[in-house]
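Please read the structure below before turning to the comments.
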Amino acid sequence: MRIKVLGPGCSKCHSTVGFIERAAREARIEVEIIKVEQPDEIKAHGVHATPAVVIEGQVVHSGGVPSHDEVMTWFKPLLAGILGHPTRHLFFTGKGGVGKTSLSAATALALADAGRRVLLVSTDAASNLDEMLGVELRNTPVPVPGATRLSVLNIDPDNAAESYRQRVLAQMGTVATAQELSTVREQLSGACTTEIASFDEFSSLLADGAQAWDHIVFDTAPTGHTLRLLSLPKAWTGFLDGNDRGASCLGPHSGLKMQEARFKAALDALSDPGKTTVVLVTRPDHGAIAEAARTSIELRELGLNNQRLAINGVFHASDRSDEVACAIEQLGQQALDALPASLRELPQDQVPLRAFDTVGLPALRALLAPETAAAVPSAAPARAACALPGLAALADELAASGHGLIMVMGKGGVGKTTIAAALAVGLVQRGQTVHLSTTDPAAHLAGTLEGELPGLKVSRIDPKVETQRYIDKIMAAKAPQLDAQEQALLLEDLQSPCTEEVAVFHAFSRIVSEGRSAFVVLDTAPTGHSMLLMDATGAYHRQMTREFEGRGAGRVVTPLMRLQDAQYTKIILVTLPEVIPVSQAAALQEDLRRAHIEPHAWVLNKSVLAAGTSDPLLQARLAGEQRQIDRMSAGLAQRLYALPWLLVPPVGLGELSKLVSAPKPAPAVAA
């Protein structure tokens, strides 16, 4: 191992060399120590305090004499796979619920334990890193107690948007009038600005805003939202090229143009395989793997070619007589056997299913540890599952109202699409007409239904289609009053990426209004993305009430008002029987309540406790599952329904129908 010690040759430098030599002998590692005393060469490493130590091109220490324990961590071999040769930027992405947060946090912790300075960043508006790490998330780096060299940062959309607004307003200078400042502030109040502001924070970390860290590990939002985020550098640099005016929805051109160099630097960093690795996280599940394959292709189209695959939660049954355990193993193996060629060619890591929830530093350290370090603990037999009603009972209750909007919401990967599709099928079974749609950029409705059903209309709010429809509508309305040059300028403004947010909101509003005469079942995007859509709904409501104030405001019915009407809208929160998903659903419920929207019911999906098992590893997880059921039953959920873990995947109209069909009455027994 080649090690450079940077410094002027002072006594501290000599002590550092001596510590390294003694530690190397103790660890039985051969080292070649190179003393670097030239100021220019020291400066080239970006070092400002000496003595400093560089190993394999990475600065692992600077300032003061390192301790013996610190030097020993440099010789501790990193885990293979993900941590073998980590680039500066590591992105963890994938379908919701596959374990991106757990793996990204465990990776960041392992790198920090190995002596690297690591910043763990969440780009998910609904992040649960705070609960996992036991530290309050902020929009500035916060040290993680118990993990030297690890800090965590959350890109908070609201804080980012306010900071962005202030920068734009400051660019206008003192010459702007109060009216002009008020107009620009209003222009910068929508979801479009929130997205751009969040991206601005994100791009600063890629460009020049995180020089204090050896590695930046990104825990991203679920796939559809992340693809949108990663595509923005290319979209905005393309939009800004040759555009001297900027997008009207963002206020003055200078507010966006001043970030142009940073956007280009972010794009360069993302597409440099020496700087950035994208870890595609999946589970041994056909749906999650299919999404990982699609994501891989789309990322390559964006120029992100340095990818690897992490398969989380791989399970092997130890009790071959356990039907549930064997079915889980078999389904997982079938999914792995059918791995698409595009994923097979990627470097691959497999992480076993663990008996514990990944909450707290000990659990995160054990997640990537060898199998012997993560043995199955003994567990007391779990109590029998409480007799929660199933989806058939929920479908009966919903059908009684005759029409309305049913929004299925929750953290990514909890099974929203399955629940939404099953409820739609159940309502049709009960004689209702249903429009089933999705706001999720990574829509899976067609693959879940696998067929057509009379009385059921299925659609998707496709961002690209809706954007073009919106552009065509605006151009048709305004073009007749404009000359050719003005039409060209208007079209140029409408080509900005933020137009998509406006267009999606308009499509959402149209579908919400259909609940007046029929049932609309809406499969929403994962929590963070859905809350941005809710923010747009609130902004539109405020705009309408201001415009109609004093002239018939009582006759205005906005989408937000429909969502707040418990007779019109039923919010169904879906969760899994684990700590993090339940906490996430509880946080979402509080967000909705602040908007005066009360969830109607919770659905507990994939309950192994309800299915029954004797497998030791699964048994070890059941006590935790029972605690979450007790937690929800104790007041979190007004109404609670359960869907057991199924031996046959709930795909296709036939299997979905079974989930919502009323049980047949037992035959009468003759006297």
Side-chain angles (χ1 to χ4, degrees), residues 94-100 102-103 223 280-295 309-344 348-355 371 376 385 390-391 412-422 442 444-451 574-578 581 603-622 625 642-659:
K95 178 179 168 64
V98 295
K100 297 183 301 295
S102 297
L103 288 185
T223 307
L280 300 167
V281 183
T282 186
R283 284 187 178 271
D285 169 82
H286 287 290
I289 287 173
E291 181 155 330
R294 287 192 296 271
T295 303
L309 183 67
I311 304 172
N312 188 32
V314 178
F315 174 71
H316 298 289
S318 57
D319 182 352
R320 306 312 300 181
S321 65
D322 188 326
E323 186 180 21
V324 172
C326 290
I328 293 175
E329 178 185 348
Q330 182 180 5
L331 288 172
Q333 191 57 52
Q334 288 173 353
L336 294 178
D337 290 343
L339 204 67
S342 60
L343 295 182
R344 283 187 183 279
Q348 183 185 125
D349 307 285
Q350 290 195 9
V351 179
L353 179 69
R354 301 304 193 187
E371 195 68 29
V376 176
L391 289 189
V414 296
K416 295 184 303 297
T417 300
T418 296
I419 302 302
H444 305 291
L445 278 179
T448 300
L449 289 166
E450 287 190 346
V574 183
T575 188
L576 300 176
E578 300 171 12
V603 172
L604 175 66
N605 191 25
K606 295 185 178 179
S607 171
V608 178
L609 190 59
T613 181
S614 60
D615 184 89
L617 190 149
L618 297 180
Q619 275 281 329
R621 296 179 63 90
L622 292 189
E625 182 171 325
L643 182 64
W645 199 93
L646 302 168
L647 300 184
V648 178
V651 176
L653 292 170
E655 294 302 321
L656 292 170
S657 295
K658 294 177 184 177
L659 305 184

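- Using a 4.5 Å cut-off on side-chain heavy atoms (C-beta onward), Leu643 and Leu659 make contact.
- Annotation for Glu655: atom CD counts as buried by contact number, over 12 foreign heavy atoms lying within 6.0 Å.
- When all heavy atoms of Asp615 and Asp322 are compared, the pair lying nearest together is N-OD2, 2.8 Å.
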Given the rule in the side chain to side chain contact (heavy atoms under 4.5 Å, CB included) test, do Leu309 and Asp349 qualify, once you have shown the distances and angles that lead to the verdict?
CA-CA 6 Å; Leu309 183 67; Asp349 307 285; over 6 Å; no

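- Proximity of Val603 to Val414: side-chain heavy atoms (C-beta onward) are nowhere separated by under 4.5 Å.
- Side-chain N/O atoms of Gln333 and Asp337 include a donor and acceptor closer than 3.5 Å.
- A 4.5 Å side-chain heavy-atom check between Val351 and Val314 finds every atom pair outside the cut-off.
- Here CD of Glu625 is found 10.0 Å from CG of Leu618. Values are rounded to the nearest 0.5 Å.
- The two residues Leu331 and Pro649 come nearest to each other via the heavy atoms CD2-CG, 3.9 Å.
- Listed for the Asp285 side chain is no donor-acceptor partner under 3.5 Å among the backbone atoms of Gly332.
- Closest heavy-atom contact between Ser318 and Pro616: OG-CD, 3.1 Å.
- Side-chain atoms of Glu291 and Thr282, non-hydrogen and from C-beta on, never get closer than 4.5 Å to each other.
- Contact annotation: the side chain of Leu339 approaches that of Gln348 to within less than 4.5 Å [non-hydrogen atoms, C-beta and beyond].
- The CG atom of Asn605 sits 9.0 Å away from the OG1 atom of Thr575 when rounded to the nearest 0.5 Å.
- Between Leu336 and Ile311 the shortest side-chain heavy-atom distance falls below 4.5 Å.
- Among all heavy-atom pairs drawn from Ala317 and Cys326, the shortest one is CB-N, 4.1 Å.
- At least one side-chain heavy atom of Leu617 sits under 4.5 Å from a side-chain heavy atom of Leu353.
- Look at Glu329 and Arg320 and you find a salt bridge, because one of the NZ, NE, NH1 or NH2 atoms lies within 4.0 Å of a carboxylate O, short of that distance.
- Among all heavy-atom pairs drawn from Ala421 and Leu656, the shortest one is CB-CD1, 3.9 Å.
- The minimum heavy-atom distance between Ala422 and Leu391, with the atom names listed, is CB-CD1, 4.0 Å.
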